[in-house]
Protein chains: 2
Amino acid sequence: MGEPAPRRSRGEMSEQTTAQLLAAARRAFATSGYAASAMDTICADAGVTRGALYHHFGGKEGLLEAVVYQIDAEISARLDMEEKRHADPWVGFRACCRLWLEQALDPEIQRICLRDAPSVLGQKLRDLDEISAIVEIRDSLAALMLSGRIRATDPEALARMINGALVDAALWVAAAGDQPGAQHAALDRALAAADVLLDGLERRD
Amino acid sequence: MGEPAPRRSRGEMSEQTTAQLLAAARRAFATSGYAASAMDTICADAGVTRGALYHHFGGKEGLLEAVVYQIDAEISARLDMEEKRHADPWVGFRACCRLWLEQALDPEIQRICLRDAPSVLGQKLRDLDEISAIVEIRDSLAALMLSGRIRATDPEALARMINGALVDAALWVAAAGDQPGAQHAALDRALAAADVLLDGLERRD
DNA sequence: AGGAAAACATACGGTTCGTATGTCAGTGAG
DNA sequence: CTCACTGACATACGAACCGTATGTTTTCCT
């Protein structure tokens, strides 16, 4: 049948199976959703049994947690690159919001991170994204307030609200239409609305 | 044991059992979450069997849908009353945002409507809240744009974003602290941030 | 080389959901 | 008034799924 154990070291063995389980889980969660994804199916798709899954992730919830963590890291990496491309912090911040919205159109991100994860992980997700995009938004906002570029208020609360606005906008764009034309039009409308919302934060005395 | 069928008409019978099932489901979903709530428990709490539940709601998902619909109606009713109390539409709109945020601190609303329902119902929820708070927000915004009170952009997209901002703000406030003191402080911070965000929408030429 | 521990695979029980079927009380027509 | 009919449930059954407990093989360390 499969490869007759091609002589891997212990570390390589573990790394490969976890990677395959993560990949299979991402596919299953993205297409069928968390609740409707059976662990048997995921494990069969990854070429292992449920024993391996429980050994590495402790259960279904742990698997989702690892998937979300992985996706979050990928998003954050792209956001970091985008931020570095702009000299002006306010311009960079708005470019990051724009890039986040575009990335969040990915059905994988939508289903896993924006819809299922909040329900399943709950508070765990809040602790998790203390190291994700939210904290960067908050820090950027705090710096911009200090420099007087935007109006001063609670940075953490404002960061949460901007994050929520972007999340709902992404879900709205994705649900707007299945054909790519309507999708693109909805994205433009959302970006315009986001511009209005963010413009209002600018300080103008 | 229970009442020996106190001679109810068919309509009363149906109405009472649906009401009891809805009440029991609200309690269970709010405290244990949708996934962890067993239908056996809900039915036992309501004093009926699973047959009644399937007869009236078609299944677990239909039950959640009915619960969300009921809660949504309650919220909308309070929002309508608040809006009528203000002569100025812009003042009324901001008062409604404030009232929504305060209402959304209810753990029942948080768990059922803001966390579980989007994951379980998905697109069904989008269709459902076409008759809920979102549509009122959108119409209010559209009217305010026409009257030149706020900056003009896509009303639907902006309504979605404001809704998302309020949702995340409510979740953030609720997660801020368990003791009522911290809760109240976080609410104040969120309301202040919301004021900044909405102030920016005002038109000032 | 030999024991320990990691890295899985396998077997099993318990819980839960949906459906299929059965039963009984209202209800309307004749 | 009665009798067929239907709505409003209750009960029984099968299937899927999750978690754990246990067994087995391979690698690593001394």
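Residue numbering restarts at 1 for every chain, and letters A, B, ... go by the order of the sequence lines.
OP1 or OP2 of C:dG18 has at least one side-chain nitrogen or oxygen of B:Y54 nearer than 4.0 Å. Proximity of B:T17 to the phosphate of D:dA8: no side-chain N or O atom is located under 4.0 Å from OP1 or OP2. The shortest distance between the side-chain N/O atoms of A:S14 and the OP1/OP2 oxygens of C:dA6 is not below 4.0 Å. Note on A:H55: every side-chain N or O is 4.0 Å or more away from OP1 and OP2 of C:dC8.
Minimum atom distance to the side chain of A:M39 is reached by D:dG19, of the listed D:dC17, D:dG19, C:dC8. Of the candidates D:dT20, C:dA9, D:dT11, D:dT20 carries the atom nearest the A:R50 side chain, counting heavy atoms from C-beta on.
Looking only at side-chain heavy atoms (C-beta outward), A:Y34 and A:E61 come within less than 4.5 Å of each other. The side-chain heavy atoms of A:L141 and A:F93, taken from C-beta on, include a pair separated by under 4.5 Å.
Taking atom CD of A:Q20 as the reference point, atom P of C:dC8 lies 10 Å away to the nearest angstrom. As a whole-Å value, the separation of A:I42 CD1 from D:dC17 C1' is 12 Å. Atom CG of A:D40 and atom C1' of C:dA9 are 13 Å apart (whole Å). Rounded to whole Å, the distance from CZ on A:F57 to P on D:dC18 is 16 Å. At whole-Å resolution of the value, CG in A:L53 and P in C:dA6 are 18 Å apart.
Between B:T17 and B:V48, the shortest heavy-atom contact is CG2-CG1, 4.2 Å.
In summary, B:R160 and B:E156 do not engage in a salt bridge, as defined by a charged side-chain N under 4.0 Å from a carboxylate O.
Counting non-hydrogen atoms under 4.0 angstrom, A:S37 reaches the backbone sugars and phosphates but no base.
Mapped onto DNA chain D by nearest heavy atom, B:V48 and A:K60 fall at different nucleotides, with B:V48 at the one closer to the 5' end.
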